[in-house]
Amino acid sequence: MGALLALASAACYGIVDFAGGLLSRRIHFTVVTFLGQFGGLLLALVVALAATVPVDSVRAVDFAWGAASGAGSAVAMQFLNRGLTRGAMSVVIPVSAVTGVALSVLCGVLFLGDRPTALAWLGIGVTVPALWLVSAGGARGGRTGSGRAGSGRTGSGRAGGGLTGRGRTDPQAAEPAPGSRVPVDGLIASAGVAVQYIALAQADPASGVWPVAAGRAAAVLLLLPNACRHAAAFRRPARLSGLAVLIGAGAALGLILYLWAAQQQMLAIAVVLASLYPAVPTVLGVAALGERVTRAQTTGLVGAVVAIVLLTLG
């Protein structure tokens, strides 16, 4: 069940990535990111209240873990967006995706006692190059790419770029600027992704979804100064703003599904499965927009399928 929840999380993140990327072509990514986090906060509050877990029964430490997760989301979004607007798409996206997974897995194994089976390790090993190929292949091909924040996630974050924390950005950022290929932004974003995943998984299952709500609130507060600096960008039709809020709610749903997955299986496996979301916008781009898939992306998609089988069986 944990594997299915993690894959459902990846599906949510991927759909959000795709929708947020399209919306970011029409309004500034700051608007999509900030309103997305606000939408995620609203959804998390609704789910938390519906789960009938009294807020006063949640320990302060669980709120703190949730807030730390939200801070990771905000950092990931800020630096992923910065890297993308500098034009370093072919570096920032794959670096943030792959390094975020690697850091999360290493933390789970070294500090949290995760012990993946040999089959699961093989799946993790296949995931890393698959993520790189799916993410970098499209960016080099001139697409607007997919990436992690999240979101948050993101977003998202992841997560899960110019979305809810993970994803695409303005097409004008597709060509790298001279000297912009140093992957510092991608590395910092990946650290934020890892914090988002690892911190959220530390919350007590008895706290319900309140840690996710705390995380979205923290992300909104951290992103507020940047949103104020771009206040003029928020003067857009209400319909577009509503779409940004809706997209953020989808990213929060992906994070909630990841939280439930991490409560049922080891963190290393939950993170890796949830991080396979870049395959979704690639497939949607082909089906809905008629985009061409590069040979690298095709290889990455096949690798993602193989990784899912190995991780599920392992």
Side-chain angles (χ1 to χ4, degrees), residues 3-25 32-33 36 39-40 43 73 76-77 80 84 89 93-94 96-98 100-101 127-128 130-139 143-169 189 193 196-197 243-244 246-261 270-289 291 293-294 296-298 300-308 311-312:
L4 290 177
L5 288 169
L7 289 172
S9 172
C12 280
Y13 279 142
I15 294 171
V16 163
D17 184 22
F18 181 75
L22 294 178
L23 186 59
S24 291
R25 297 176 181 178
V32 184
T33 300
L43 179 82
S73 299
M77 286 183 282
L80 184 59
L84 291 173
M89 181 177 298
I93 289 175
S96 61
V98 171
V101 170
T127 298
V128 171
L131 276 176
W132 185 279
L133 290 170
V134 170
S135 301
R143 287 182 50 190
T144 50
S146 60
R148 179 68 159 72
S151 294
R153 197 167 342 39
T154 284
S156 102
R158 157 83 70 214
L163 341 168
T164 54
R166 28 182 109 250
R168 308 182 177 191
T169 188
V193 169
Q196 172 188 259
Y197 280 140
L243 287 174
L246 185 62
I247 287 170
L253 177 59
L255 201 56
I256 290 170
L257 291 169
Y258 160 76
L259 173 62
W260 291 341
V271 168
V272 172
L273 287 173
S275 296
L276 288 170
Y277 72 87
V280 177
T282 299
V283 173
L284 289 176
V286 174
L289 303 179
E291 292 182 351
V293 180
T294 65
Q297 284 179 302
T298 302
L301 289 172
V302 173
V305 173
V306 173
I308 290 172
L311 289 165
T312 303

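In this structure, the side chain to side chain contact (heavy atoms under 4.5 Å, CB included) partners of Val128, at least two apart in sequence or on a different chain, are Val98. For Leu257, the side chain to side chain contact (heavy atoms under 4.5 Å, CB included) partners are Leu5, Ala8, Ser9, Cys12, Leu253, Trp260, not counting sequence neighbours. Evaluation of the side chain to side chain contact (heavy atoms under 4.5 Å, CB included) rule for Leu259 yields Leu200, Val212, Gln263 as partners, not counting sequence neighbours.
Smallest separation of non-hydrogen atoms from Asp17 and Pro281: OD2-CG, 3.1 Å. Closest heavy-atom contact between Ala307 and Thr127: CB-OG1, 3.2 Å. Nearest heavy-atom pair across Leu273 and Ala6 is CB-CB, 3.6 Å. Listed here is the closest heavy atom pair of Ala279 and Leu301: CB-CD2, 3.5 Å. Summarising the geometry of Leu131 relative to Ser275, their closest heavy-atom pair is CD2-O, 3.1 Å, with the distance given to 0.1 Å. Residues Val286 and Glu291 come closest through the heavy atom pair CG2-O, 3.5 Å.
Rounding to the nearest 0.5 Å places CG of Leu311 at 7.5 Å from CG of Leu276. Put simply, CE on Met77 and OG1 on Thr33 are 6.5 Å apart, with the number rounded to the nearest 0.5 Å.
Using the six-membered ring where Trp is involved, Tyr258 and Tyr197 have ring planes that are tilted, between 30° and 60° apart.
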